[in-house]
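First up is the structure itself, then whatever we jot down about it.
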Protein chains: 2
Amino acid sequence: MNISQAAKASGLATKTVRYYADIGLVKPAGRSASGYRTYTDPQVRKLNFVRRARAFGFSIEDCRGLLGLYEDHERSSADVKHIASKRLDDIKAKQRELQTLHDELAHLVKSCRGDHRPDCPIIDYFG
Amino acid sequence: MNISQAAKASGLATKTVRYYADIGLVKPAGRSASGYRTYTDPQVRKLNFVRRARAFGFSIEDCRGLLGLYEDHERSSADVKHIASKRLDDIKAKQRELQTLHDELAHLVKSCRGDHRPDCPIIDYFG
DNA sequence: CCTAATGCTTCCAGTAACTGGAGGGTCAAG
DNA sequence: CTTGACCCTCCAGTTACTGGAAGCATTAGG
């Protein structure tokens, strides 16, 4: 199948599939006589895999590692778990950061009258 | 004062202060005879303001708007509140997204044995 | 006064992961 | 044979810096 078929089948944008081919993340099965990228089921499965991993916020490099493990039937689940745990830790760290920001900013927003007058605790806090 | 003094006084990197000058966010007070950027207290205050706003995740463009309001003593606090509320909404949206990711990924990580065997619910989920 | 070490300048490149667009070849239908 | 939908490559732009190179300016030491 051509690239747009593969894109549709994997739920990615055509541009993205081409980009993944360029960076060697998911290479097409081959090229047609006229140079068109051709994709078959295994590639589409990989594209889908990457789409799902990306949705979890894994970086392209992490996806590369995960794809390798996906393909490797001799893998250790420990290796997968290691990558996923790192991502989970990142998520937790981000959550803590956002919670702090949320609480402080919510407090400031709440205490700002939001009328035509210039005095504003948000500006005071930043200034 | 020179740029590195202003950077130190505002808690920013010298490169960042120069960048802010380049994009017209916080312009230096002037230039010395030899072309050095010179900064005075008002600029340092603005740099500090931007640093604090950036720490809350406001974009450079938002900072531009906030700086304008900071400088405008005829401002309406409603305008400040509007920008801050948008940012707060973004934070909340991101929090919801991260919560979903966290819960799903935590579940997967927990259910993965993480040993030498290849079977792995994480890979199964993505594949 | 000379020199070496900072410090300042500009400009270019790279980061992450695409996205949009220009310019041009290919293919299937009518 | 032409039209329109595809496909190709390459370049630029996105965000907010950061690192580095080449080259003046300033300053402290000897």
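Numbered from 1 within each chain, the chains take letters A, B, ... in sequence-line order. Computation of the quantities below employed the complete heavy-atom set of this structure, encompassing side-chain atoms and omitting hydrogens, waters and symmetry-equivalent molecules.
For the residue pair B/Ser77/A/Asp115, the side-chain donor-acceptor check at 3.5 Å is satisfied. Using modelled atom types and a 3.5 Å distance limit, the side chains of B/Gln95 and A/Gln95 yield no donor-acceptor pair. With hydrogens and angles left out, the side-chain atoms of B/Arg45 and B/Asn48 include no donor and acceptor closer than 3.5 Å.
To the nearest angstrom, P of C/dG20 lies 15 Å from OH of A/Tyr19. Distance, A/Leu25 CG to C/dC18 C1': 13 Å, rounded to whole Å. Note: CD1 (A/Ile3) to C1' (C/dC27) measures 17 Å, nearest angstrom. Summarising the geometry, the separation between CZ on A/Arg54 and P on C/dA16 is reported as 11 Å, rounded to the nearest angstrom. Taking atom NZ of residue A/Lys15 and atom P of nucleotide D/dC7, one finds them 12 Å apart after rounding to whole Å. Rounded to whole angstrom, the span from the CG atom of B/Asp22 across to the P atom of C/dT9 amounts to 10 Å. Distance A/Met1 CE to D/dC6 C1': 16 Å, rounded to the nearest Å. Rounded to whole Å, atom P of D/dC17 lies 4 Å from atom OH of B/Tyr20.
Proximity of A/Arg18 to the phosphate of D/dC8: a side-chain N or O atom is located under 4.0 Å from OP1 or OP2. Residue A/Arg31 has no polar side-chain atom (N or O) positioned under 4.0 Å from OP1 or OP2 of D/dC7. Contact between the side-chain N/O atoms of A/Arg37 and the OP1/OP2 oxygens of D/dC7 is not found at any separation under 4.0 Å. Distances shown here put every side-chain N or O of A/Ser34 at or beyond 4.0 Å from the OP1 or OP2 atom of D/dC8. Here A/Thr16 reaches the OP1 or OP2 of C/dT19: one of its side-chain N or O atoms lies under 4.0 Å away.
Residue whose closest nucleotide on DNA chain D sits further toward the 5' end, between B/Ile60 and B/Tyr36: B/Ile60. Heavy-atom distances to DNA chain C give each of B/Ser4 and A/Ser59 a nearest nucleotide, and the one nearer the 5′ end belongs to B/Ser4.
Taking 4.0 Å as the cut-off between side-chain N and carboxylate O, B/Asp22 and B/Arg37 count as a salt-bridged pair.
Residue A/Phe58 is out of contact with every strand shown, counting any heavy-atom pair closer than 4.0 Å.
Contact record, A/Leu88 with B/Ala106: CD2-CA, 3.7 Å, taken as the closest heavy-atom pair.
Of the candidates C/dC8, C/dT19, D/dT18, the closest approach to any side-chain atom of A/Ala13 belongs to C/dT19.
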